[in-house]
Amino acid sequence: MINLKLPINTPKTRLTEQTILTLLNSHCNTLSKLTQIHAFILKTGLQNNPLILTKFTSTSSNLNSIHYATSFLFPPSHTTSTPTPSYDAFLFNTLIRAYSQTRDSKSNSFLFYRTMLRYGVTPNKFTFPFVLKGCAGIGSLRLGKCVHGCVVKFGFEEDVHVLNTLIHMYCCLGEDGFEFAEKVFDDSPKMDTVTWSAMIAGFVRLGCSSRAVDLFREMQVMGVCPDEITMVSVLSACADLGALELGKWVESYVEKKNIPKSVELCNALIDMFAKCGNVDKAIKLFRQMDSRTIVSWTSVIAGLAMHGRGLDAVSLFDEMVENGITPDDVAFIGVLSACSHSGLVDKGRYYFGSMERNFSIVPKVEHYGCMVDLLCRGGFVKEAFEFVQKMPFEPNQIIWRTIITACHATGELKLGESISKELIKSEPMHESNYVLLSNIYAKLRQWEKKTKVREMMDMRGMKKVPGSTMIEVNNEMYEFVAGDKSHDQYKEIYEMVDEMGREIKKAGYVPTTSQVLLDIDEEDKEDALYRHSEKLAIAFALLNTPPGTSIRIVKNLRVCEDCHSATKFISKVYNREIVVRDRNRFHHFKNGLCSCRDFW
DNA sequence: GTAGGGTTAG
């Protein structure tokens, strides 16, 4: 209980006001203390004091206390025997800001902006950045445009803070919103570091990382200095592209320009190195950090998971817990996927169980998804199926696709067929559902049915996402698709591919033609395999990089069985370490072996 | 009392 003794002989109201403000400054970190202070405020009759109202709102840092503060400000009508308090813009701004900073209640920002107008309070220049930040989390373009209209109506369309948040908000509203972000950006009368950062981050969020990098270069040409926040987004873009050389350049740029290495920047560096194939460097940076957050730990754990270093990931997770860091739901996704990629079925079961038992974290659908994947890859397809039927959620599309992939791999083709058909019914515009069904028919050698699936896709105007491989050579990113002839060097590349084929065959490579899901003869199948984008990229790398150096490539889909086998031989015959990032994980090929131990 | 950033199952 808070002990309050009021000194004698002081003007009572003034003194009480100060006491409450002091209390709010020092005792506001939990809901129960806030409740006690509230009781005290009611006792003193100061519940309408504007200073106290604002302080009470601004000190409510977690969601429960914000809700509590709200119910204090806007009590249910039957309890309002006291006169209506005097609300001002400052008070509303405080409340709107509090909600804009929450994870799941951002929409209340807009709600209280409306309440503000209803109470006849005019928004000021601080109001809109908060409201717009809230709107960014709601995801409605219509609402966003409506608030944009309000910005204009109240005459804040030239305020640089407002403009920057406007760009940010539109960037959070998907492709449709993005057009408006670009328009605001292009028309901006004042552009500062934040304006550019917001737009660069927007490109990354939309998955247009190379355009984000282009914009960063443009920013430099325009003479605007990037800061640590800009660099975080640029590093995200590098991570997404798998552009290690560019990422390293960013790291040295940060050093050279003395850009402060915030925790977030270090986390972004860790993530970049892990996603660009150098997880050891990520660990090194992590160990050098003075202070780490849960995100730092999770980034390394997820990085190790991606590289198939499950045991390292698990021991880092344990080390984190031993260090008194409470894992959150994201950290569990990291450790569970680590178990999954390394076949650590029992460990995965243990961590899943410990979520609620030891940390009171209720597993979300993603965690169940990890478990399904873990069981499927571990060969327990039947158990995975039972697990899905018992789980407290409706399984989502991702979970069904995991099971179908497992059915394909383990030969449970009839089961895979029936689930795929159901999936197509429920989600007819998702092309990968058709691809899965078509692959199953290919494995069953039912060419007619397979053709029908493809026809169905054509009829609905859908196309299979083409496989593509990216490679960074001399700080440039090159992209290859199957059968690509757009490159200047294409003749040499195809000659190299032929040579590679001859050399690895001598070493014992046998093409895995069953993977080619077309009804064509074996020789043509072999030809189709040689045109795969990853083989073209590797040939390109062999031609354009010094002997003995490692080759890093990034594939947009999962690496196919034949390319996996061929790459093992190439690594041996040409004495190259080849690091392949596919859609799900990394493969480190060295001396004829792969780090995934053919388990992926 | 204002804006932009880091980890997330296949």
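A, B, ... follow the sequence lines: proteins, then strands. Residue 1 opens every chain.
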Categorize A/K190 for me: base, sugar-phosphate, or nothing, with a 4.0 angstrom heavy-atom threshold over every strand shown. nothing
Distance check needed: B/dG6 C1' versus A/R103 CZ, whole Å only. 14 Å
Roughly how many Å is it from CG in A/D328 to P in B/dT8, rounded to a whole number? 12 Å
Length of the CZ-P vector between A/F92 and B/dT2, whole Å: 20 Å
Taking any heavy-atom pair under 4.0 Å as a contact, classify A/Q397: base, sugar-phosphate, or nothing. nothing
Testing B/dG6, B/dG10, B/dG5 for proximity to the side chain of A/R401, the answer is B/dG10
For A/A406, which contact category applies under a 4.0 Å heavy-atom criterion: base, sugar-phosphate, or nothing? nothing
Which part of the nucleic acid, if any, lies within contact of A/D582, taking any heavy atom under 4.0 Å across all strands shown: a base, the sugar-phosphate backbone alone, or nothing? nothing
With a 4.5 Å heavy-atom cut-off, do A/I333 and A/H367 have their side chains touching? yes
Do A/N93 and A/T127 have a side chain donor and acceptor closer than 3.5 Å? yes
To the nearest Å, how far apart are A/H367 NE2 and B/dT7 P? 16 Å
Base, sugar-phosphate alone, or nothing: which one does A/T230 contact when heavy atoms must sit under 4.0 Å apart? base
Taking the side chain of A/S299 as its heavy atoms from C-beta onward, which of B/dG10, B/dT7, B/dG5 lies nearest to it? B/dT7
Is there a ring pair (Phe, Tyr, Trp, His ring centres under 6.0 Å) between A/F216 and A/W196 once you walk through the steps? CA-CA 8 Å; A/F216 171 65; A/W196 287 89; 9.7 Å; no
Is a side-chain N or O of A/T193 found less than 3.5 angstrom from the main chain of A/C225, in a donor-acceptor match? yes
So if I take every side-chain heavy atom of A/E264 and compare against B/dG4, B/dG6, B/dA9, which nucleotide ends up nearest? B/dG6
Please tell me which of the listed nucleotides, B/dG1, B/dG6, B/dA3, lies nearest to the side chain of A/V194? B/dA3
Roughly, in whole Å, what's the span from CZ in A/R585 to P in B/dT8? 16 Å
State plainly whether the residues A/R309 and A/D280 are in salt-bridge range, i.e. N to O under 4.0 Å. yes
Answer with base, sugar-phosphate or nothing: what part of the nucleic acid does A/K133 contact at a heavy-atom distance below 4.0 Å? sugar-phosphate
Return no unless some side-chain N or O of A/H168 is found under 4.0 Å from OP1 or OP2 of B/dA3. no
Closest of B/dA3, B/dT8, B/dG10 to the A/D373 side chain is B/dG10
Would you confirm whether A/R292, through its side chain, and A/F286, through its main-chain N or O, come within 3.5 Å as a donor-acceptor pair? yes
In whole Å, I'd like the distance from the CG atom of A/L235 to the P atom of B/dG6. 11 Å
Between B/dG1, B/dT8, B/dG6, which one does the side chain of A/S236 approach most closely? B/dG6
May I ask you to say what A/S233 touches in the nucleic acid, namely base, sugar-phosphate or nothing, with a heavy-atom cut-off under 4.0 Å? sugar-phosphate
On a plain distance test, is the side chain of A/D227 in donor-acceptor contact with the base of B/dG4 below 3.5 Å? yes
Can you tell me the distance, in whole Å, between the CZ atom of A/F185 and the C1' atom of B/dA3? 14 Å
Base, sugar-phosphate or nothing for A/F130? Non-hydrogen atoms, less than 4.0 Å. sugar-phosphate
Check every strand shown and say whether A/V204 touches a base, only sugar-phosphate, or nothing at a heavy-atom separation below 4.0 Å. nothing
Presence of donor-acceptor pair under 3.5 Å, side chain of A/S197 and base of B/dG4: yes
Using a cut-off of 4.0 Å on non-hydrogen atoms, how would the nucleic acid contact of A/T298 be classed: base, sugar-phosphate, or nothing? base
Looking only at the side chain of A/H161 (C-beta and beyond, no hydrogens), which of the listed nucleotides B/dA3, B/dG6, B/dG5 gets closest? B/dA3
Of the options B/dA9, B/dT7, B/dG10, whose atoms approach the side-chain atoms of A/R377 most closely? B/dG10
Can you tell me if the side-chain N/O atoms of A/R205 get under 4.0 Å from OP1 or OP2 in B/dG4? no
Can we say A/R401 and A/E427 salt-bridge, meaning some charged N sits less than 4.0 Å from an Asp/Glu carboxylate O? yes
So A/V365, base contact, sugar-phosphate only, or nothing? Heavy-atom distance under 4.0 Å. base
Of the nucleotides B/dG4, B/dT7, B/dA3, which has the atom closest to the A/V295 side chain? B/dT7
Any chance the rings of A/F178 and A/F203 have centres within less than 6.0 Å? yes
Whole Å only: how far is the CD1 atom of A/I404 from the C1' atom of B/dG10? 11 Å
Need one value for A/D329: base, sugar-phosphate or nothing, where a base atom within 4.0 Å counts as base even if backbone is also close, heavy atoms only. nothing
Does any donor-acceptor pair link the side chain of A/T293 with the base of B/dG6 at a separation under 3.5 Å? yes
Quick one: which of B/dA9, B/dG4, B/dG1 gets closest to the side chain of A/T193? B/dG4
